Amino acid sequence: MNKGEYEKQRFYTCSCFITDNIFLEDYKIHVRHVTEHQFRTDYQKVLKSRGCLTDEQFDEVLKKIAQEVERRLCLDVKSAERTAAIRQVYQPLHPHVYHLQESYLAPDFQQMVGYCQSADASKEGLLGLLQREAAPRVYRFKVFTRSFCRELVEELDHFERSPVPKGRPNTMNNYGMLLNELGFDEGLVTPLRERYLHPITSLLYPDCGGCCLDSHKAFVVKYDMREDLDLSYHYDNAEVTLNISLGKDFTGGNLYFGDMKHVPLGDTECSEVEHRVSEGLLHRGQHMHGALPISSGQRWSLIIWMRASRERNRLCPMCNQTPTLLPGSGFADGFTDDAGAKEGDVNAMLASRCMLV
Ligand SMILES: O=C(O)CCC(=O)C(=O)O
Ligand SMILES: [Fe+2]
């Protein structure tokens, strides 16, 4: 997609964003909340088995859900406010890391992409260039040079220490940052996805949107002995995910992969996969995974959730239904308004709710 087309393309979020996949940290469970009655019917028993025993604890859960729904309803407004504040006052430490240059990329990675772009490229040929699968259909390869990883972490650390407001990546990561708010999309992440990652994912994952990626959500996750240590088992809101280990020094923190999300847990065998600084792990977004606790140091990873509207317009990967579209800003959640998609009618509700907080 060229720049002109990108500017014209509007992206949307599925309305399930307001009701589904709400993560309850205390009970390590994702829940759906449409009404209190439905929620009690669906979750009271399982929550009890996880230690939610008293009425007070259950009320606390309902309060957390209400807060999370409120946060989601106001996400775009708050994000625009943060983006504006960052633009106004934040002074980057390394302004050059915002603009992709070939010299940031590992030579092996450039060669691999060169192969994928050649006329006779094939999946078999590409697999011959890659290391053995780290887990089923999980591929490991160097992406950035070590020096670029170091500079990027220095830049993000500098941002973290600055007084500007920060948007956290998702409900499961309390630390880290959203790269679009910092201005990384246009110069770094979009060109990386379009020019370098798309040729690879087209060959490796044509069956799950890898050949028609058209947007992404990019963020950095950060684990520290005094902050988040690990990440619960989950699937991503993505067709294909790239997870690049940026550093710093850490031990532990391995990823573990199970099976695709529709496979029952009882039939799943997990494989552990080590993070290696400057290397990326590429996997299908719907491939269940989590991160083990770090045991020392600080671990930073750049996560790119890549989306294919053609794939997700048919079936939202988060609710498994035909998406009901809510207008969003920027890439939103990567849905587009193709014929056949249901139209949402909650715009007015979104606007009025956001004014309350
Ligand atoms: O901690 C990691 O490396 C994995 C992060 C992840 O899976 C995610 O943010 O979706
Ligand atoms: Fe993930």
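Fair warning: this is a prediction, and the values are worked out from it, not measured in the lab. Every number for a ligand or one of its atoms is a count from 1 in the order of the listing.
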Which of the atoms in ligand 1, numbered in the order shown and given with their element, are less than 4.0 Å from a heavy-atom of W305?
10 (O)
For atom 10 (O) of ligand 1, what's the nearest protein heavy atom and its distance?
D236 OD1, 3.0 Å
among protein heavy atoms, the one nearest atom 6 (C) of ligand 1 is L231 CD2, 3.4 Å
Should the ring pair F39 and H33 be called parallel, tilted or perpendicular, given that the plane angle runs from 0 to 90° and is split at 30 and 60?
tilted
Do you know the tightest heavy-atom contact between W300 and K222?
CZ2-CD, 3.7 Å
May I ask you to establish whether R193 and F331 are in a cation-pi arrangement, using a distance under 6.0 Å from NZ or CZ to the six-membered ring centre and at most 45° from the ring axis?
yes
If you check every N/O/S atom of H289, which is the one nearest the Fe ion (ligand 2)?
NE2
L255 neighbourhood, listing ligand 1 atoms whose heavy-atom distance to it stays under 4.0 Å:
2 (C), 3 (O), 4 (C)
Between E239 and the options R312, R310, R307, the salt bridge (charged side-chain N to carboxylate O under 4.0 Å, His left out) test singles out R312
Going by the angle between their ring planes, with limits at 30° and 60°, are Y90 and F159 parallel, tilted or perpendicular?
perpendicular
Atom indices of ligand 1 within 4.0 angstrom of H234 heavy atoms, with elements:
6 (C), 7 (O), 8 (C), 10 (O)
Between the side chains of D224 and Q298, is a donor N or O closer than 3.5 angstrom to an acceptor N or O?
yes
May I have the step-by-step check of side chain to side chain contact (heavy atoms under 4.5 Å, CB included) for Y139 and E133, ending in yes or no?
CA-CA 5 Å; Y139 302 98; E133 287 174 342; 3.4 Å; yes
Name of the D236 N, O or S atom nearest the Fe ion (ligand 2)?
OD1
Regarding S309 and D214, do their side chains bring together a donor and an acceptor under 3.5 Å, going by distance alone?
yes
For the Fe ion (ligand 2), find the closest N/O/S atom belonging to H234 and write down its atom name.
NE2
Atoms of ligand 1 close to H289 [distance to a heavy atom under 4.0 angstrom, numbered from 1]
7 (O)
Using a 4.0 Å heavy-atom cut-off, which part of T241 comes near ligand 1: side chain, backbone, both, or neither?
neither
Checking a contact table here: which protein heavy atom is nearest atom 1 (O) of ligand 1, and how many Å away?
Y223 OH, 2.5 Å
For H275, atoms of ligand 1 separated by under 4.0 Å from a heavy atom
3 (O)
Verify the distance criterion only: is there a donor paired with an acceptor across the side chains of R137 and H287 at less than 3.5 Å?
no
I want to confirm something. Looking only at heavy atoms, which of I244, N243, I294 is nearest to atom 4 (C) of ligand 1?
N243
Which atoms from ligand 1 have a heavy atom of A291 less than 4.0 Å away?
1 (O)
Nearest non-hydrogen partners of G258 and Y233, listed with the distance:
CA-OH, 3.2 Å
For atom 9 (O) of ligand 1, closest protein heavy-atom neighbour
F219 CE1, 3.4 Å
